[in-house]
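Quick notes on the structure that follows.
We name chains A, B, ... by the order of the sequence lines, and we start the count at 1 in each one. Since the model is a prediction, treat every value here as computed from it, not as a measurement.
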There are 2 protein chains.
Amino acid sequence: MTLKDVAERAGVSIKTVSNVVRGVPQVSESTRTRVMRAVSELGYRPNPSARRLRTGRSGLIALAVPDLATPYFAELAHHVGAEASAHGFTVLIEETLGDAKEELRLATGVGASLLDGVILSPLRVSPADLAPVADEFPLVLLGERSYEHDHVVADHVLIDNVAAARDVTAHLAALGRTRIGAIGVDQPQSATSRQRLEGFQQALHGAGLTYDPRLAARVKEFDRRDGLLAMRGLLSLPAEVRPDAVFCFSDMLAVGAQHALYEAGLNVPGDVAVAGVDGSEEALYSTPSLTSVVPDKAAIASLAVKCLAARIRSREPLPFEEYLAPHWLEVRESTDGVRRRLSP
Amino acid sequence: MTLKDVAERAGVSIKTVSNVVRGVPQVSESTRTRVMRAVSELGYRPNPSARRLRTGRSGLIALAVPDLATPYFAELAHHVGAEASAHGFTVLIEETLGDAKEELRLATGVGASLLDGVILSPLRVSPADLAPVADEFPLVLLGERSYEHDHVVADHVLIDNVAAARDVTAHLAALGRTRIGAIGVDQPQSATSRQRLEGFQQALHGAGLTYDPRLAARVKEFDRRDGLLAMRGLLSLPAEVRPDAVFCFSDMLAVGAQHALYEAGLNVPGDVAVAGVDGSEEALYSTPSLTSVVPDKAAIASLAVKCLAARIRSREPLPFEEYLAPHWLEVRESTDGVRRRLSP
DNA sequence: CCGATCGGTTCCAACGTTGTAACCGCCCTG
DNA sequence: CAGGGCGGTTACAACGTTGGAACCGATCGG
């Protein structure tokens, strides 16, 4: 099932068939229809490997995320897939498991010789590692600002994490909470974590509250388990220190925290208000439903794919850009306590 | 960065380098080390497209699932990735969105000329469509028994859905529940849904209960939204008909159902016990934690990859097999009401 | 000491595709 | 009517890799 077979059947040369299937204009209408018929009769499909070998293009891009079982990444993958197929790309999804080697391998290994480009959500890999790669291979980073000595080393798309954290923390303060904790501080080497802590502190100051390091819970991962453990830790503090609200740096952390409160027999938000980040569907269906900062995932996906496509198309090196996607705060029961009926 | 570059640097022929990187034994130790050094100095990586073009093998397999935002599939993807890399394969994950055309395209299009094989979790595509594909392309199906006139048309890996449904329903009956509902009936063309209904009915009979069709709620998708709507529907039944337990055919349905009960101010499991299927982490962290049938996802992944690898290796057509993976019932608060402390 | 054997290496062709350049009628222009 | 231009088509080479055959020097049996 190759161009040769189609060519024989249509009675033309291989190259003419190639011209037809690629849609180049210099083909007469009569030959075009004849070739098209042969194509569909034989069920011909172009061979991506051969195409890639000859042109250097495969029409394939990869989305590499740390962990697919994280709803945020799964939902993002969904959007990236939709956006990419609108641009004529096929998306392959890879799970890096937060392994720096794996993250890098994607860009250099499989990437360089099979894929046209990579959208990478880095967790461990450092800007310095990525700098040489991004120079010669289309690469877009998600969710982390990646500077090397103060200059950008790759395109990246992200939300304003500082503002997002500020917004949600200010919301908690506006509800009258005075001992606001944070869960998700100091995740190893995570710029996202640092930025959210920054916004958290800004909002505390803005509300006239002081930052109490005892209420800033460290985690290793942004997952449910670490949220549960961190919240248990906060609950074991002396009563006068214990938080009356927590801002969790991810929805999974928040879900874990909520469960810890449930185990302890505490009321949400009566005793402790809980808020997260990610806008995952899981947060919406949680009981009580969970206040969350919702990043515009469709916008993130769209910006990332557009940017990657531009870089793939242009042979010249383009200047690296930073794109900010919108986000908004979705207030739900876990902070304001107002019972709602979901309207799906 | 090709074999040629490495060959020049090492002072040998291209073919010898090829022999070294593929690990064929007939290479002297001295040349091998010399070539290896050149390889690492230049950072050479084989070109999968060229390799695939020449050999017909790419070392790539795809896992195609309907929806990555479904925790079950995301967690499964995780396991498949691990198992495949142990077999030397790279996994590409594709989202079919339950579109039959897309499901088929994977096997015939990208599949046939880029991938060595596909693990497909079909949602809409019918056995008849897949039969011609499976004959000439390594294909393993997950989660659905696919018969065509009573004979198997492809390998498949699944749990015993009838037994799983029977187990969990029997558990609800053993708790003394007499009006047990089912959510997830009649999902269009879903064999899984039929099998779970079958097991549900078997267990009812076994417990001396009668099957009341009013308590069997239809859904279009196995998602949270449909679970919520279905449960609202069951709650709107006349009081004497209303269920005192529901078996949901997926954890997402169960989470949605739980939220509907929460909205209605009902207690779980006091007023209504809830159980699901999938063993997702979300179910564990739900409040109250959700009783679920846990399919052994690692076993499913392992069986699927092993089976696919065998089929890829063998040039001869192998007989199609059916593999059953273990499952077990994990009883949690949403049915027995016993408060637990998670021990992660 | 000659021919066979063998480990190690090289040469050649081919996988399916596309870019470049050449080609071939044909119509138009001078 | 010769020369130029042009739309449509084709021949050829090349992308990076590997299977198979050929090759080569050295060891070995007779």
* Closest to the B:Thr55 side chain, choosing from D:dT18, D:dT17, D:dA14 -> D:dT18
* Structure fact -> Only one of A:Val65, A:Leu308, A:Leu63, A:Ile93 passes side-chain contact (heavy atoms from CB on, under 4.5 Å) with A:Val80, and that residue is A:Leu63
* Asked: If every non-hydrogen atom of A:Leu3 is compared with every non-hydrogen atom of A:Tyr44, which pair is closest and at what distance?
  -> CD2-OH, 3.4 Å
* **Contacts of A:Thr192 that satisfy side chain to side chain donor-acceptor pair (under 3.5 Å) - sequence neighbours left out** => A:Glu144
* Please work out which residues in residues 8-20 of chain B have a non-hydrogen atom less than 4.0 Å from an atom of DNA chain D and list them by number. => B:Ile14, B:Lys15, B:Ser18
* To do: Residues of residues 33-40 of chain B with any non-hydrogen atom less than 4.0 angstrom from an atom of DNA chain D: list those, numerically ordered, please.
  => none
* **Qualifying salt bridge (Lys or Arg N to Asp or Glu O under 4.0 Å) pairs, either residue in residues 58-81 of chain B, two or more places apart** => B:Glu75-B:Lys297
* To do: Tell me, please, which residues at least two apart from A:Glu29 pass side chain to side chain contact (heavy atoms under 4.5 Å, CB included).
  => A:Arg32, A:Thr33
* Asked: Would you say B:Arg22 reaches D:dT17's phosphate, i.e. side-chain N/O to OP1/OP2 under 4.0 Å?
  -> no
* Asked: In Å, rounded to the nearest 0.5 Å, how long is the span from CG of B:Leu53 to OG of B:Ser58?
  -> 11.5 Å
* Structure fact -> Residue pairs meeting salt bridge (Lys or Arg N to Asp or Glu O under 4.0 Å), one or both in residues 12-22 of chain B, sequence neighbours left out, come to none
* Would one find a side-chain N or O of A:Ser28 under 4.0 angstrom from OP1 or OP2 of D:dT9? -> yes
* To do: Under the side chain to side chain donor-acceptor pair (under 3.5 Å) rule, collect the residues that match up with B:Glu41, sequence neighbours excluded.
  => B:Arg9
* To do: Take atom CD of B:Gln26 and atom P of D:dA21, then tell me their distance rounded to the nearest Å.
  => 15 Å
* **Set of residues satisfying salt bridge (charged side-chain N to carboxylate O under 4.0 Å, His left out) with respect to A:Lys4, sequence neighbours excluded** => none
* Return the set of residues passing side chain to side chain donor-acceptor pair (under 3.5 Å) with A:Ser30 (not counting sequence neighbours), or none when no residue passes. => A:Ser28
* **Closest-nucleotide 5' rank along DNA chain C - winner of B:Ser30 and B:Arg54** => B:Ser30
* At the 4.0 Å heavy-atom cut-off to chain A, mark where contacts on DNA chain C begin and end, going 5' to 3'. => C:dG16 to C:dT20
* Distance, nearest 0.5 Å, that separates CD1 of A:Ile312 from CZ of A:Phe137 -> 7.5 Å
* **Whether A:Arg311 side chain and A:Leu139 backbone form a donor-acceptor pair below 3.5 Å** => no
* A:His79: what forms a side chain to side chain donor-acceptor pair (under 3.5 Å) with it, not counting sequence neighbours? -> none
* **Terminal axes of the helix from C:dC1-D:dG30 to C:dG30-D:dC1 (five pairs each): angle between them, nearest 10 degrees** => 60°
